[in-house]
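Here the structure comes first, spelled out in structure tokens, and everything after it is commentary.
When reading the values below, keep in mind they use all heavy atoms of this one structure, side chains included, and skip hydrogens, waters and symmetry mates. One is the number of the first residue; the rest follow in order along the sequence.
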Amino acid sequence: MKDLGFPVTQFSFNQLLLLYKRLDRKKIADVLAMMEKEDVKPSLFTYKILVDAKGSVGDIEAMEKVIESMEKDSIEPDLTFNATIARHYIFYGQREKAEALLKAMEGDDIQKNRAACKTLLPLHAFLGNSDAVERIWKACEDNTRVAESVSAIEAFGKLGDVEKAEKVFEDMLVHWKTLSSKFYNALLKVYADHNLLDKGKELAKRMDENRVRFGAPTLDALVKLYVEAGEVEKAESLVHKLSIQNHIKPIYNTYMTLLDSYSKKGDVRNSEKVFNKLRQSGYTGRIRMYQVLLHAYVRAKAPAYGFRERMKADNIFPNSVVSTLIAATDPFVKKKSISDLLD
């Protein structure tokens with residue numbers, strides 16, 4: 001684009017940042033230096049990428065420095081920006097900071113700040129704040145919107161209140177008569193999280209009877225449901241049959257749920273089969289799938305001959321964790337204990 005004389009915009013740089021956030025975070029600094037050289041100012045989306053890159057690896061201090069830089073640039077955060085920060089605070093145990101941020105996001109009157117409801121419900125649920133979830137849901141229940149209802153199902157499910165999640169679903173079915181697959185998928189995930197296979201199967205039958213489309217998110221929820229119930233082979237069979245019948249391309253996480261389950265059992269043959277499905281579906285360039293596959297070899301106490309060369313052929317280069325796993329599956333290298341490798 002530069003060689004052709006096209007303008008290098010915020011959008012172009014943001015796409016590069018997204019790419020390197022997923023594939024090679026060391027190069028993010030190079031992109032930022034290039035932006036400064038080209039006199040391209042960061043946008044709110046630029047800062048969203050940066051806080052997520054820092055927060056997702058637990059570098060909360062660096063994440064907060066990014067926020068300070070954004071404030072100096074007089075860029076105001078939006079709900080999704082604050083939600084990203086809150087999620088990282090929650091995940092890394094910064095409860096007080098998370099709760100303070102959620103309070104600021106809510107404002108003085110949630111009725112006047114309805115846009116925040118759908119974002120606040122699951123975040124409070126992650127913190128275990130059942131009273132806050134009940135209060136916010138009560139504020140929007142009588143005149144609810146689709147996104148709020150889906151968030152409420154997810155939030156009550158996260159809190160372990162399956163009955164309340166079901167009530168939200170049934171109330172919305174009465175209110176709107178027909179529901180999109182988003183509602184069914186949300187409740188299916190609740191059933192999967194609580195290992196309620198029979199309820200999940202019944203809900204899937206209702207979807208079919210009501211002619212609700214089975215898309216990739218539904219398939220993902222069903223796979224998780226069966227895997228959590230210990231029926232991995234049935235889950236894999238569903239992936240094969242529904243992807244053909246409904247012309248679905250399973251998402252990356254669907255295959256990873258299967259791969260992770262087989263890997264934990266030390267089932268090398270089935271792990272390799274799922275791994276190959278990932279590659280055939282175009283999911284390459286992601287080191288985690290190689291790492292999970294190697295765990296299968298470690299648990300099976302089986303050698304993974306030529307694994308480094310396989311990665312090199314896919315243009316993937318092992319990080320320190322993967323290098324350790326490769327060494328552990330090399331029959332000529334002194335091994336660490338399996339428990340050390342799987343920590």
Quick check for you: to the nearest 0.5 Å, what is the distance between Lys265 atom NZ and Asn270 atom CG? 8.5 Å
What verdict does the salt bridge (charged side-chain N to carboxylate O under 4.0 Å, His left out) test give for Arg279 and Asp314, after you've listed the backbone C-alpha separation in whole Å, the side-chain angles of each residue and the deciding distance to 0.1 Å? CA-CA 10 Å; Arg279 294 182 75 255; Asp314 289 342; 2.6 Å; yes
Calculate, to the nearest 0.5 Å, the distance between atoms CD1 and CZ belonging to Ile287 and Arg22 respectively. 12.5 Å
Listed by chain and number, what are the ring pair (Phe, Tyr, Trp, His ring centres under 6.0 Å) partners of Phe81, not counting sequence neighbours? none
So for atom NZ, which belongs to Lys21, do other residues, nucleotides or ligands contribute more than 12 heavy atoms lying within a distance under 6.0 Å? yes
Are Leu19 and Val8 in one and the same hydrophobic cluster, where Ile, Leu, Val, Met, Phe, Trp and Tyr link if side-chain heavy atoms are under 4.5 Å apart? yes
In chain order, what residues pass the salt bridge (Lys or Arg N to Asp or Glu O under 4.0 Å) check against Asp78, with sequence neighbours excluded? Lys48
Tell me, yes or no, whether the heavy-atom count around Lys164 atom NZ, taken from other residues, nucleotides or ligands under 6.0 Å, exceeds 12. yes
Working to the nearest 0.5 angstrom, can you tell me the gap between Thr218 OG1 and Lys189 NZ? 9.0 Å
Are Asp52 and Thr84 close enough that a side-chain donor and a side-chain acceptor fall under 3.5 Å? no
With a 3.5 Å cut-off and sequence neighbours excluded, list the donor-acceptor pairs that the side chains of residues 238-246 form with protein atoms.
residue : atom : partner : partner atom : Å
Ser243  : OG   : Val239  : O            : 2.5
Ser243  : OG   : His240  : O            : 3.0
Asn246  : ND2  : Phe214  : O            : 3.3

Which residues share a ring pair (Phe, Tyr, Trp, His ring centres under 6.0 Å) with Tyr226, sequence neighbours left out: none
Please assess Ile85 against Met63 for the test side chain to side chain contact (heavy atoms under 4.5 Å, CB included), listing each intermediate value before the final yes or no. CA-CA 8 Å; Ile85 298 167; Met63 182 182 79; 3.7 Å; yes
Kindly indicate whether the side chain of Met311, heavy atoms from C-beta on, has any atom under 4.5 Å from the side chain of Val322. yes
Residues in side chain to side chain donor-acceptor pair (under 3.5 Å) with Ser149, at least two apart? Thr144
Pairing residues for Asp108 by the side chain to side chain contact (heavy atoms under 4.5 Å, CB included) criterion, not counting sequence neighbours: none
Pairwise side-chain contact, Tyr297 with Glu272, heavy-atom cut-off 4.5 Å (strictly under): yes
Asp59 side, atom CG; Lys65 side, atom NZ - distance, nearest 0.5 Å: 8.5 Å
Derivation and outcome, salt bridge (charged side-chain N to carboxylate O under 4.0 Å, His left out), residues Glu38 and Lys2: CA-CA 11 Å; Glu38 297 286 338; Lys2 288 178 72 176; 3.3 Å; yes
Within a strict 4.5 Å, meaning less than it, do heavy atoms of the Leu50 and Leu32 side chains meet? yes
Is there a side chain to side chain donor-acceptor pair (under 3.5 Å) between Asn14 and Ser43 once you walk through the steps? CA-CA 9 Å; Asn14 286 341; Ser43 64; 3.3 Å; yes
Where at least one partner belongs to residues 15-48, residue pairs that pass ring pair (Phe, Tyr, Trp, His ring centres under 6.0 Å), sequence neighbours excluded: none
Are the side chains of Val51 and His88 in touch, meaning some heavy atoms are under 4.5 Å apart? no
Starting from the C-alpha separation in whole Å, work towards a yes-or-no answer on salt bridge (charged side-chain N to carboxylate O under 4.0 Å, His left out) for Glu154 and Lys158. CA-CA 6 Å; Glu154 293 170 350; Lys158 184 63 68 178; over 6 Å; no
I'd like to know if Trp176 and Leu203 are part of one continuous hydrophobic network [Ile/Leu/Val/Met/Phe/Trp/Tyr, side-chain heavy atoms within less than 4.5 Å]. yes
Are any of the side-chain heavy atoms of Leu188 and Met207 separated by less than 4.5 Å? yes
For a side chain to side chain donor-acceptor pair (under 3.5 Å) check, start with the C-alpha distance between Tyr191 and Glu202, then their side-chain angles and the critical distance, and finish with the verdict. CA-CA 11 Å; Tyr191 289 148; Glu202 186 60 35; over 6 Å; no
Considering all heavy atoms, the nearest Ile136-Cys117 contact: CG2-SG, 3.9 Å
In the single-linkage hydrophobic clustering (I, L, V, M, F, W, Y; side-chain heavy atoms under 4.5 Å), do Val57 and Ile28 co-cluster? no
Could you go through the side chain to side chain donor-acceptor pair (under 3.5 Å) check for Thr257 and Thr254 one step at a time? CA-CA 5 Å; Thr257 299; Thr254 300; over 6 Å; no
Connected to Phe11, directly or through other members, by ILVMFWY side-chain contacts below 4.5 Å are none
Side-chain touch Arg114/Glu148, heavy atoms, less than 4.5 angstrom: yes
Give me each pair satisfying side chain to side chain donor-acceptor pair (under 3.5 Å) with a member in residues 23-34, each pair once, sequence neighbours excluded. Arg25-Ser56
Euclidean distance, Ile326 CD1 relative to Gln291 CD, rounded to 0.5 Å: 10.5 Å
Check side chain to side chain contact (heavy atoms under 4.5 Å, CB included) between Ser271 and all other residues, then give those that pass, not counting sequence neighbours. Leu259, Tyr262, Ser263, Leu293, Ala296
From Arg310 atom CZ to Ile316 atom CD1, the distance as rounded to the nearest 0.5 Å: 12.5 Å
Asp193 and Lys224: salt bridge (charged side-chain N to carboxylate O under 4.0 Å, His left out), yes or no, with the steps? CA-CA 8 Å; Asp193 288 339; Lys224 186 179 179 185; 2.5 Å; yes
So ring pair (Phe, Tyr, Trp, His ring centres under 6.0 Å) across residues 263-287, not counting sequence neighbours, yields Tyr252-Tyr283, Phe275-Tyr290
Ignoring hydrogens and angles, state whether a donor on the side chain of Ser320 or Ser323 is under 3.5 Å from an acceptor on the partner side chain. no
Beyond-backbone contact of Leu187 with Glu170, side-chain heavy atoms, under 4.5 angstrom: no
Applying side chain to side chain contact (heavy atoms under 4.5 Å, CB included), name anything that partners Lys41, two or more places apart in sequence or on another chain. Gln10, Asp39
Checking Val190, Asn185, Leu121 against Ile153 for side-chain contact (heavy atoms from CB on, under 4.5 Å), the one that qualifies is Val190
Look at Lys138 together with Glu134 and state whether they make a salt bridge at an N to O cut-off of under 4.0 Å. no
Is any side-chain heavy atom of Glu64 less than 4.5 Å from a side-chain heavy atom of Lys54? no
Return yes when atom CD of Gln280 has more than 12 non-hydrogen atoms of other residues, nucleotides or ligands closer than 6.0 Å, and no otherwise. yes
